[in-house]
Colleague: 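Okay, handing you the structure first.
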Amino acid sequence: MKSFWPPTARSMSLWALLGVIANAGITVTGVAVRVTGSGLGCPTWPRCTPDSFIPVAHPEHSWFNMSVEFGNRLFTFLVLAVGAMCLLTAWRLRPRRPDLVRLAWLQPAGVLAQALWGGLVVRSMLHPVTVSVHFLISIGLIAGCWALYARSREGDAPARRVVHRDIRKLGYVLVAAVAVLLVAGVVVTGTGPHSGDELASRFDFDIETVARLHADIVYVVVGLTFALLFALHVTDAPKAARRAAWTLLLIELAQGAIGYIQYFLAVPAFLVGLHVLGATLVWIGTLRVVTSLRVREQLPAAAPAPAVPLPH
C-alpha cells in the first residue's frame, strides 16, 4: 500500500495506465453491444426501461440484449472510478505537478461527457453519426490517458527530442494519418452491417467504395510506419523508440490481416469486435511511438536562498 498512498510517481503511472486499459476496454464492450444487436437493449436513458434503472422484463427486448447493453453502461462506472483515482492521485502527489493535474481532470470530465453522449446515442435510435462519435470520444480519452501516463514517468523539464527533428515530424504525421484512418473506419462500420438494432439507420454510402478508401489509408499508415522504423534504425535511435515502432508495425499487419479476412467472410460479428480492438491497439501503439521520440528530464532542485543577517 505504500506505493499507492500517499501517492507516488509510480502509483500515478499505474493509475494512468489503468485508465488507458479501461477506456480501451469500453470500446470492446461497446462493439459487443453493436454486434449482438443489443444497442437498444435498454430502450431509454438514463433508465434501462421507462420504469427501471436496471433490466426488467420488457415485451420488445430479450434479457440477453438488455444484459449486454446494461453491462456496457455499468462498465462506464469502472472507467469513471479509474479516472477519479487518476485525478485524486495527481492532486495528492507531492510535490504537486500542475501538468499532471490538468491531464487527470480530462478523465472524469471526459467519461461524464461520454456517458451523456451515450444517452444521445440511445435517443437518436443509434444514428451512425452519434455511434461514430461515441467511439471517437473514447479514442480521445485514450490519448489523454496515454499523455498522463507518459508525463507521469518523466520530469518537468521542457521536452528534448532524442531523434532528428524530421523523424519527430514524421511521427506527428503518422499520428494524423492514424486519426484519419480511425475516422474512415467508423464510416465503414456505420455503412456496413451490425448496426446494433434493426431500427438503426446506416450511412448511405456504397460499402465497397468506403471499404476501399479505408484500405488505401491503411497502406499510407503502414508505409509511414515502415518509413519511421527505417529512419530510426539508420540513425541509431534509442532502443525504446525502435522497439515501439516495431511493435506498432506488427500490430498494423495483424490488424490488416483481420480486416481482409472479415471482408472476404462477409463481416462476421466476432471479427468485427476483434477489428475494433485492433484499431484501439493501433492508436495506443502510435501514441507510444510518438512519446518515445522525446524525453523530459527532472528540473534541478532550486538552490536554498542565502541567509540574510538580521539587523542588530
Colleague: Should Ile54 and Phe75 be regarded as members of a common hydrophobic cluster, given that ILVMFWY residues are connected when their side-chain heavy atoms come within less than 4.5 Å of each other, either directly or indirectly?
Modeller: no
Colleague: How about Arg212: does its CZ atom have over 12 heavy atoms from other parts shown lying under 6.0 Å from it?
Modeller: no
Colleague: For Ala237, is there any backbone N or O sitting under 3.5 Å from a side-chain donor or acceptor partner on Arg242?
Modeller: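 At least one qualifying donor-acceptor pair exists.
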Colleague: Is there a side-chain contact between Val276 and Val28 (heavy atoms, below 4.5 Å)?
Modeller: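 No, their side chains stay 4.5 Å or more apart.
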Colleague: Test Thr76 against Gln114 for side chain to side chain donor-acceptor pair (under 3.5 Å), laying out the working first.
Modeller: CA-CA 9 Å; Thr76 301; Gln114 178 76 306; over 6 Å; no
Colleague: In the structure I gave you, are the side-chain heavy atoms of Met12 and Leu148 within less than 4.5 Å of one another anywhere?
Modeller: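 Side chain of Met12 against side chain of Leu148, heavy atoms only: contact under 4.5 Å found.
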Colleague: Of all the heavy-atom pairs spanning Leu287 and Ile142, show the shortest one and how long it is.
Modeller: CD1-O, 4.3 Å
Colleague: Sort and list the pairs that fulfil ring pair (Phe, Tyr, Trp, His ring centres under 6.0 Å) and have at least one residue in residues 146-190, not counting sequence neighbours.
Modeller: Trp146-Tyr149
Colleague: At what distance, to the nearest 0.5 angstrom, does CZ of Arg73 lie from CZ of Arg47?
Modeller: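 That separation rounds to 11.5 Å.
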Colleague: May I ask whether Val33 and Val133 are part of the same hydrophobic cluster, defined by side-chain heavy atoms of I, L, V, M, F, W, Y residues being less than 4.5 angstrom apart, directly or through others?
Modeller: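 No, separate clusters.
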Colleague: Are any non-hydrogen side-chain atoms of His127 and Arg202 less than 4.5 angstrom apart?
Modeller: no
Colleague: Which atoms form the tightest heavy-atom contact between Val129 and Phe203, and what is the distance?
Modeller: CG2-CE2, 3.7 Å
Colleague: How long is the span from the CG atom in Leu174 to the CG atom in Leu248, to the nearest 0.5 Å?
Modeller: 6.0 Å
Colleague: Determine whether Leu277 and Leu17 fall in the same hydrophobic cluster, where Ile, Leu, Val, Met, Phe, Trp and Tyr are linked whenever their side-chain heavy atoms lie under 4.5 Å apart.
Modeller: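 Yes: a chain of side-chain contacts under 4.5 Å links Leu277 to Leu17.
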Colleague: Side-chain contact, heavy-atom cut-off 4.5 Å: Val101 with Pro98?
Modeller: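 The answer is no, as the side chains (C-beta and beyond) never meet within the 4.5 Å cut-off.
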Colleague: Does atom CG (Asp204) have a neighbourhood of more than 12 heavy atoms from anything else shown, all under 6.0 Å?
Modeller: no
Colleague: Report the distance from atom CE of Met85 to atom CG of Leu14, rounding to the nearest 0.5 Å.
Modeller: 10.0 Å
Colleague: Taking side chain to side chain contact (heavy atoms under 4.5 Å, CB included) as the test, write out the residues that go with Val187, two or more places apart.
Modeller: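 Counting only residues at least two positions away or on another chain, Val187 forms a side chain to side chain contact (heavy atoms under 4.5 Å, CB included) with Thr191, Phe205, Val210.
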Colleague: Starting from the C-alpha separation in whole Å, work towards a yes-or-no answer on side chain to side chain contact (heavy atoms under 4.5 Å, CB included) for Val267 and Tyr263.
Modeller: CA-CA 5 Å; Val267 199; Tyr263 179 78; 5.8 Å; no
Colleague: Over all heavy atoms of both residues, which pair between Thr291 and Ala150 is shortest? Give the atoms and the distance, please.
Modeller: CG2-CB, 4.0 Å
Colleague: Can you name the salt bridge (Lys or Arg N to Asp or Glu O under 4.0 Å) partners of Arg165, sequence neighbours left out?
Modeller: none
Colleague: Judged by atom type as modelled, is there a donor-acceptor pair below 3.5 Å linking the side chain of Ser62 to the main-chain atoms of Asn65?
Modeller: yes
Colleague: Verify side chain to side chain donor-acceptor pair (under 3.5 Å) between Asn72 and Thr29, making sure each step is shown before the conclusion.
Modeller: CA-CA 6 Å; Asn72 183 58; Thr29 62; 2.6 Å; yes
Colleague: Among all residues two or more places apart in sequence or in another chain, which pass the side chain to side chain contact (heavy atoms under 4.5 Å, CB included) test with Leu116?
Modeller: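 Scan of Leu116 (side chain to side chain contact (heavy atoms under 4.5 Å, CB included), adjacent residues dropped) gives Trp45.
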Colleague: Would you say that Val122 contacts Thr44 through its side chain, given a criterion of any heavy-atom pair below 4.5 Å between the two side chains?
Modeller: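 With C-beta onward as the side chain, the pair stays apart.
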Colleague: Can you tell me how far CG of Leu232 sits from CH2 of Trp246, rounded to the nearest 0.5 angstrom?
Modeller: 11.5 Å
Colleague: State, yes or no, whether a side-chain contact exists between Thr280 and Phe135 at a heavy-atom distance under 4.5 Å.
Modeller: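 A side-chain contact under 4.5 Å exists here.
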Colleague: Give a yes or no on whether Val290 and Val173 share a hydrophobic cluster (residues Ile, Leu, Val, Met, Phe, Trp, Tyr; joining criterion: side-chain heavy atoms under 4.5 Å apart).
Modeller: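 In one cluster with Val290: Val173, yes.
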Colleague: Determine the minimum heavy-atom distance between Ala24 and Ile284, stating which atoms define it.
Modeller: CB-CD1, 4.3 Å
Colleague: Donor-acceptor pair, Arg92 side chain versus Leu87 backbone, under 3.5 Å?
Modeller: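 Absent.
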Colleague: As an exercise, state the distance from CD1 of Ile137 to CD1 of Ile26, rounded to the nearest 0.5 Å.
Modeller: 11.0 Å
Colleague: Only counting residues at least two apart or in another chain, list the ones meeting side-chain hydrogen bond (donor to acceptor under 3.5 Å, both in side chains) with Asp216.
Modeller: none
Colleague: Nearest 0.5 Å please: distance from the CG atom of Leu229 over to the NE2 atom of His233.
Modeller: 4.5 Å
Colleague: Using modelled atom types and a 3.5 Å cut-off, is there a donor and acceptor pairing between side-chain atoms of Ser38 and backbone atoms of Gly41?
Modeller: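 No; judged by distance alone, with no hydrogens or angles, the pair does not exist.
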Colleague: Tell me, with the steps shown, if Leu80 and Gln107 meet side chain to side chain contact (heavy atoms under 4.5 Å, CB included).
Modeller: CA-CA 7 Å; Leu80 178 60; Gln107 304 314 309; over 6 Å; no
Colleague: Would Ile217 and Val180 satisfy side chain to side chain contact (heavy atoms under 4.5 Å, CB included), going step by step from the backbone distance to the final call?
Modeller: CA-CA 8 Å; Ile217 301 173; Val180 172; 4.0 Å; yes
Colleague: Indicate yes or no for a side-chain donor-acceptor contact from Arg97 to the backbone of Arg151 under 3.5 Å, with no hydrogens or angles considered.
Modeller: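 Yes, the answer is positive, given that a donor and an acceptor are paired below the 3.5 Å cut-off.
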Colleague: Check whether more than 12 heavy atoms from other residues, nucleotides or ligands sit under 6.0 Å from atom CH2 of Trp63, and answer yes or no.
Modeller: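 Counting neighbours around CH2 of Trp63, more than 12 heavy atoms of other residues, nucleotides or ligands fall under 6.0 Å, so yes.
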Colleague: Let me check something: do Val162 and Phe230 share a hydrophobic cluster, defined by ILVMFWY side-chain heavy atoms less than 4.5 Å apart, either directly or through other members?
Modeller: no
Colleague: Taking the side chain as everything from C-beta on, heavy atoms only, tell me whether His214 gets closer than 4.5 Å to Leu181.
Modeller: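 In contact.
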Colleague: Between Cys145 and Cys86, does the SG-SG distance stay under 2.5 Å?
Modeller: no
Colleague: Within the distance-only criterion (no hydrogens, no angle test), does the side chain of Arg168 pair as donor or acceptor with the backbone N or O of Val163 below 3.5 angstrom?
Modeller: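 Flag not set: sc Arg168 to bb Val163 has no pair under 3.5 Å.
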Colleague: Looking at side-chain heavy atoms only, is the closest gap between Met125 and Ser201 below 4.5 Å?
Modeller: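 No - every pair of side-chain heavy atoms lies 4.5 Å or more apart.
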Colleague: Could you pull out the closest heavy-atom pair between Leu224 and Ala177, with the gap in Å?
Modeller: CD1-CB, 3.7 Å
Colleague: According to the ring pair (Phe, Tyr, Trp, His ring centres under 6.0 Å) rule, which pairs have a member within residues 268-292, sequence neighbours left out?
Modeller: none
Colleague: Identify the two heavy atoms, one from Val121 and one from Thr130, that lie closest to each other, and give their separation to 0.1 Å.
Modeller: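 The answer is CG2-O, 3.5 Å.
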Colleague: Could you go step by step and tell me if Leu281 and Gln255 meet the side chain to side chain contact (heavy atoms under 4.5 Å, CB included) rule?
Modeller: CA-CA 9 Å; Leu281 293 178; Gln255 174 75 336; over 6 Å; no
